[in-house]
Each structure stands twice: as structure tokens, then as C-alpha cells.
Amino acid sequence: MALAKAAGKPPRAVAELLVAGLEHGAAFSTPEIAGPGFLNFRFSEEWLADRLSEMSRDERLLVAPVGSPRRLVIDFSSPNVAKPMHVGHLRSTILGDALSRLFRFLGHEVITDNHLGDWGTQFGMLLYGYKNMRDDEAFRLDPVRELARLYVAVRQQFRADEDDDQASDPVQDACRAEVAKLHAGDPENMELWRSFMPACLEEIDRVYRRLDVRFDHVLGESFYQPMLATVAAGLSSSGIAEESHGAQVVFFGENEPPALVRKRDGAFTYATSDLAAIAWRLEKFNPTDILYVVDSRQALHFKQIFEVARRWGKTSARLTHVAFGSVLGEDRKPIKTRDGKAGATLEQLLDEAVRLAGETFDSHGDEDDASIPGADRAAIAEAVGIGAVKYADLSQNRVSDYVFSWDKMLAMDGNTAAYMQYAYARCRSILRKAGVSTESLSRSVPKVLIGQPAERALAIHLLRLGEALHAAAADFRPHVLTAYLWDLSKAYSAFFQSCPVLKAPDPLSRDSRLVLCDLVSRTIRTVLGLLGIRVVERM
RNA sequence: GCACCCGUAGCUCAACUGGAUAGAGCAUUGGUCUUCGGAACCAACGGUUGGGGGUUCGAAUCCCUCCGGGUGUACCA
């Protein structure tokens, strides 16, 4: 129909010409013209069967690595390490990790970098709190906990109305002064900063291990700090930045607010350190792309620094802000953690998810097999609980706000991780009982037969894996993958319902259906794996 | 004020970026049921895609304009 526009002919007439001129082999029957000019092809059973045999032998499930790999730096998670991680860090971490896995699988080169907030105002609060309110014994026993307490305690001493930016706040001023001293290289504050860091890093690492998230680099703001003066000087000497009201700023269009490179008090801003990071990454990695998996409230910031980078001549990589919506509470209001009363840390949240998954397992789980030891039960609860948290987030279009809901997240019905994991476990159970494995099947793949409609629907869906992966990667949208999984598992359920495998009418269709089960299980495991979610053999 | 994002079934969300009769899950109602794993399956109900104009073979999608929500907006990061 797009052709019709160019050719200036009615779509159906173009379709008829196409059909008449089309040579087709054994892959599909003569296409039918439908509706305003659609062409409907019908794959032949033989062709589908051949593709599935091929897929069965292929470790990559017929998804070829891309011909021209890109090199992507993916900047995600980036928590402020001065306080424990909370739900707000979840989306960036989970989305960024899933995108990293996806691009790697497609054959791209991926460099993950966690741009920690380890040099900002919040450290001023820790320094101030440590100097004025610390509990030495508590700090010795559990430095992370004590630092977290200090953060909240300092925060509570700030004036209530932060909208009133005219009035100066003595505590806030003191915190700023501590940061300024740190940035100026004050020995005492530098030493304290160094002593805080190991505990802060250990704290976030524990969460990353549990989430199964890894970074190639962890280069926080402090890493770029020595480069900032040079960056700022360069921007001024090239005329990109100018002085205004005592600060160094970059101006944009009439209606656009300026970007601050250097504040009136001489301190640099995060725009400066982000620019330093761009320059450094271009030089160090020479990437084709830099992705910033950061929530949409930063949209203006990224628009500005991307524009500055362009003027600055840093144009060798495509810079993309992969934005996502805020995490909202069940009251549909943003979850606030600044006041410290938000309570749940990310770790407590994960504990709760795992606990609830364990409860469900105990009441619904594989009871005819009481031989599953406690350690395995714990591992299952962990995989299902963490998977539920990740999947709930990833299955939603990233641009919309995300309503955090225990009920939705841990529901074991519908489009959830547990449902996929369950479909996987069912496949595996059948294969186990049949005494076959992926290895034995792919050594000599039994002939695949596509007789039943449910088999046909399942076959077609399996063969669309590559399409789903590329669609998800093209727009950085993992929810395309969850949608694919959901459709696949529904097709599998229909197949499972109408096509007995172990009790198949004859050995040939039994073997064929075992191949389908194996392919479904491998596809689910692969795609869940790309989302950072584990499968379990039983649940 | 200005800028960006969003508005789709009662609720939470999709719709392959302009294609066929706008689809799923919850919820509700009815059914399947001696489980190759019931954490299952099948079906029904539910819509003027916020309103109104426009562009064309064709619009949830693109343009204009209202209405309603969210976010950001010079010294936090």
C-alpha cells in the first residue's frame, strides 16, 4: 500500500500485479489479496518444519549476530551512594541491565558504566552529619547503617519549606560548605570521604549481586572531578560558555533556560561532569553510541548537554537519553525518599518479594515431589520473587509512569514472570519424563510435523523470536520482549491443551512435539535471560 | 509564563511507528475438571481511543485548536 502511493494506483491493483509477478518456491502458497490491499501468505508445513529443525540445532535459535556491530556505552543505575538504594533506582538498573544483555546477544559490543553519585551535595550532608551528630560505636559496627541514619537526621534539620529559596538555611549552608571544602581538596574531608566509600560501595554491590547486575566500569563523579576545570576552560575559550551573573553558563534558544557549567561560588555542576564523561568516553572507548538510562525528569538536562557536546565538537557517537517514567506509589504520587520516611530500601523490597514468592510456592508448588530440598526451595523463591519485581517493571512501556504495586507485581496470573517460569517448568517436566534433553534432541533432531492448528501457531511464533529481539532493541523497549513471551506462552498453552506430548497418538508426533517443547523452553529461558530473569526447573 | 511527556474497556496496560473488525491481564459472569504440572484452559461482558477540526484510499498514531493530568524550568545531582 505504500507502493500504491508512489505508483499512483489503487492498492488492490498493485497487489494483483505483485501476486502475478511473484515467483514462489515451497515456502508458502500463492498469496491472497485481502481488505484494502493486504497480501496474506501461508507458510507450507514443510517449510515451517525445516526451519524448526534448523532452530533446534542452533544454539542461538536462528538469531544471527548483527553484521555490523555497534559499540555502545550504556550508562545506567547511577545511584547516589551516600544513602541506601531504594525503589527509585530500580527502573534504571533493571532497564539498563536488560538493554545491555539484549544488545550483547544481538552481537553488539556493550560497555556498561555505573556513573555513581559520589561527589555531590549529599556527601556534604554526610560530612556535616558525621562531624556533628555521629555515634562512633554505631559507625564502627555498621558504617552503612550509621551513614544512612546521619543522612536522614541531617535532612530533617533542613527547613521545611524548600520552595522558599530566598531564605538561607544554616544547616544546608553548612553542608554546602563541607562539599566545597571537599572539592577544594581539604585533607580532613578527603580522608573522611575515602573512609566512607568502601562501606557505600559494599552496600550497593550487595544489591547488584542479588539483582544479578554487573558493570564493566564504575566511574563515579569523583573520577571526572580532576578534569572539570579543563572542560570548563575549554568551553569558555571556544566561546561556547560565557559569564553571566558571576557564573559560567551556556545559552540556548530564546525560551530555553541556560545550562550552568560553573556556579558563582566556583563549584562545578553535574552538567560539567557529564560533559567531562562524554569527552573521556569518546576518547577511551570510541563508541558509536552512548545511552543514558535515566528517568525522564532529566530530559532537559540531557538535551542541553547533548547540544553542548555537539557545539564542542564531540560528535563521533550518537548520544541517546533512554528516558523512563517515574515510580509512583499506589496513591499515584511519586515515591519520595528525600525525607527518609519512605521506609523500604531496595533490599527490604526484594526480601519481601522473595518471601511472598516462597509462600506461594509452599501453597501451590510441586507437591508430588517432596524431595526438593530447602536450599532449592529458597533458590526457587529467590528466582521467582526477584523475577516478579523485574518483570513487572520491564513489561511496561518505559515512557509511562510506573505504579509500584505489590499485588500486581507478585500476582502469579497473567503476564508475569511467574507465569513464564511456570510455562518453562512445565516444558522441562515433560522433557524430563520423556528422558530427552536439548543435547540429545539436537544431536539428531526428530522430524518435525506441523499438523494441528495449535502446532502451526506455536511454530510461527517460535520463528518470530529474532523479529521481537530486533524490534525491542530498535527502540530500547524491553516490553516488546515480554509481549513476545506472553504471546508465546499463550500459544504454548493452547498447544499443551490440544496436543498431548507424552501421550501422543504415535511415536512420530510424540518426538515432533518433544522438539517443540524443547524449543519453547529454550526460547523462554533465552528471552527471560535477556531480561535478567532466571528460570527454574521446578516450581 | 515557557518547554517536554501523557490522556485508549470499571482498573493496570498493548497496538510491530499510517494499515484489516483497536487487543491483553486483572475484575465481573458462565463453562471445562479422574493434572503428559490446576500457579491451568475455554467463552461472554465491556470502546464515539479526552472534545472538535484537518491531511488521504485509510488516523489511537501525523498537523491545528481547546479540555484535563504529570514533569522540568540559573547556582541540588
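Since the structure is predicted, the reported quantities are computational estimates derived from the model, not experimental observations. Here is how names work: the chains are called A, B, and so on, in the same order as the sequence lines, proteins then strands, and each is numbered from 1.
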Ion pair check, [X] and [Y], cut-off under 4.0 Å:
X	Y	value
A:R522	A:D518	yes
A:D265	A:R176	no
A:E359	A:R355	yes
A:E382	A:R534	no
A:R513	A:E455	yes
A:R281	A:D113	yes

Would you mind classifying the nucleic acid contact of [X] as base, sugar-phosphate or nothing, using non-hydrogen atoms under 4.0 angstrom?
X	value
A:A267	nothing
A:Q304	nothing
A:R262	nothing
A:S429	base
A:L300	sugar-phosphate
A:C499	base
A:Q421	nothing
A:N40	base

Rounded to whole angstrom, note down the [atom1] distance from [N] over to [M].
N	M	atom1	value
B:rC67	B:rU49	C1'	16 Å
B:rC76	B:rU17	C1'	37 Å
B:rG25	B:rA40	C1'	15 Å
B:rC63	B:rA9	C1'	28 Å
B:rG7	B:rA60	P	14 Å
B:rG68	B:rC5	C1'	14 Å
B:rG51	B:rG47	C1'	16 Å
B:rA22	B:rG1	C1'	38 Å

Legend entry - A:N114 side, atom CG; A:L201 side, atom CG - distance, nearest 0.5 Å: 9.5 Å
Does [X] put a side-chain nitrogen or oxygen below 4.0 Å from OP1 or OP2 of [N]?
X	N	value
A:K263	B:rC75	no
A:R297	B:rU73	no
A:S493	B:rC41	yes
A:R426	B:rC36	no

How about [X] and [Y]: are their ring centres within less than 6.0 Å of each other?
X	Y	result
A:W119	A:Y224	no
A:Y484	A:H461	yes
A:H321	A:F306	no

Legend entry - Pair A:T93-A:S77, side-chain donor/acceptor within less than 3.5 Å: yes
Legend entry - Side-chain H-bond candidate by donor/acceptor type, A:Q248 with A:S236, under 3.5 Å: yes
Inset, instruction - State which residue, out of A:L531, A:V480, A:I533, A:N415, fulfils the side-chain contact (heavy atoms from CB on, under 4.5 Å) condition with A:L485. - result: A:L531
Could you state the atom-to-atom distance from [atom1] of [X] to [atom2] of [N] in whole Å?
X	N	atom1	atom2	answer
A:Q497	B:rG38	CD	C1'	10 Å
A:F252	B:rA74	CZ	C1'	12 Å
A:M539	B:rA39	CE	C1'	6 Å
A:Q172	B:rC75	CD	C1'	13 Å
A:F268	B:rA74	CZ	P	21 Å
A:K503	B:rC36	NZ	P	4 Å
A:Y270	B:rC76	OH	P	12 Å
A:L516	B:rC36	CG	P	18 Å

Inset, instruction - Report yes if the ring of A:Y402 lies under 5.5 Å from the six-membered base ring of B:rU12 with planes under 30°, and no otherwise. - result: no
Legend entry - B:rA20 pyrimidine/purine six-ring stacking with A:F38, under 5.5 Å and 30°: yes
Inset, instruction - Only counting residues at least two apart or in another chain, list the ones meeting ring-ring contact (aromatic ring centres under 6.0 Å, His included) with A:F41. - result: A:F28
Legend entry - Partners meeting ring-ring contact (aromatic ring centres under 6.0 Å, His included) with A:Y402 (sequence neighbours left out): none
Pairs under 3.5 angstrom, nitrogen or oxygen only, protein versus nucleotides 23-31 of chain B, please.
residue : atom : partner : partner atom : Å
B:rA24  : O2'  : A:W486  : NE1          : 2.7

Legend entry - A:R264 side chain, from C-beta outward: closest of B:rA74, B:rC75, B:rG38: B:rC75
Polar-atom pairs under 3.5 Å, protein N or O versus N or O of nucleotides 56-63 of chain B: list them with distances, or write none.
residue : atom : partner : partner atom : Å
B:rG58  : O6   : A:K5    : NZ           : 3.0

Legend entry - B:rU17 glycosidic torsion: syn (within 90° of 0) vs anti: syn
Return the polar atom pairs (N/O with N/O) between nucleotides 14-17 of chain B and the protein under 3.5 Å, or none.
residue : atom : partner : partner atom : Å
B:rA14  : OP1  : A:N397  : N            : 2.8
B:rA14  : O3'  : A:H479  : NE2          : 3.4
B:rA15  : OP1  : A:H479  : NE2          : 3.2
B:rU17  : N3   : A:D475  : OD2          : 3.2
B:rU17  : O4   : A:D475  : OD2          : 3.1
B:rU17  : O4   : A:R477  : NH2          : 3.4

Inset, instruction - By nearest nucleotide on RNA chain B, pick out whichever of A:N255 and A:T269 is the more 5' one. - result: A:N255
Legend entry - Earlier contact from the 5' end, RNA chain B, for A:P500 and A:F251: A:P500
Inset, instruction - Go through A:M125 and A:E178 one step at a time and tell me if the side-chain contact (heavy atoms from CB on, under 4.5 Å) criterion holds. - result: CA-CA 8 Å; A:M125 292 164 65; A:E178 295 294 352; over 6 Å; no
Inset, instruction - Return one dot-bracket line describing RNA chain B 5' to 3' (Watson-Crick or G-U wobble pairs, both distances under 3.5 Å; ( ) same strand, [ ] crossing, | another strand, . none). - result: (((((.(..((((.....[...)))).(((((.......))))).....(((((..]....)))))).)))))....
Legend entry - NZ or CZ of A:R525 within 45° of A:Y424 ring axis and under 6.0 Å: no
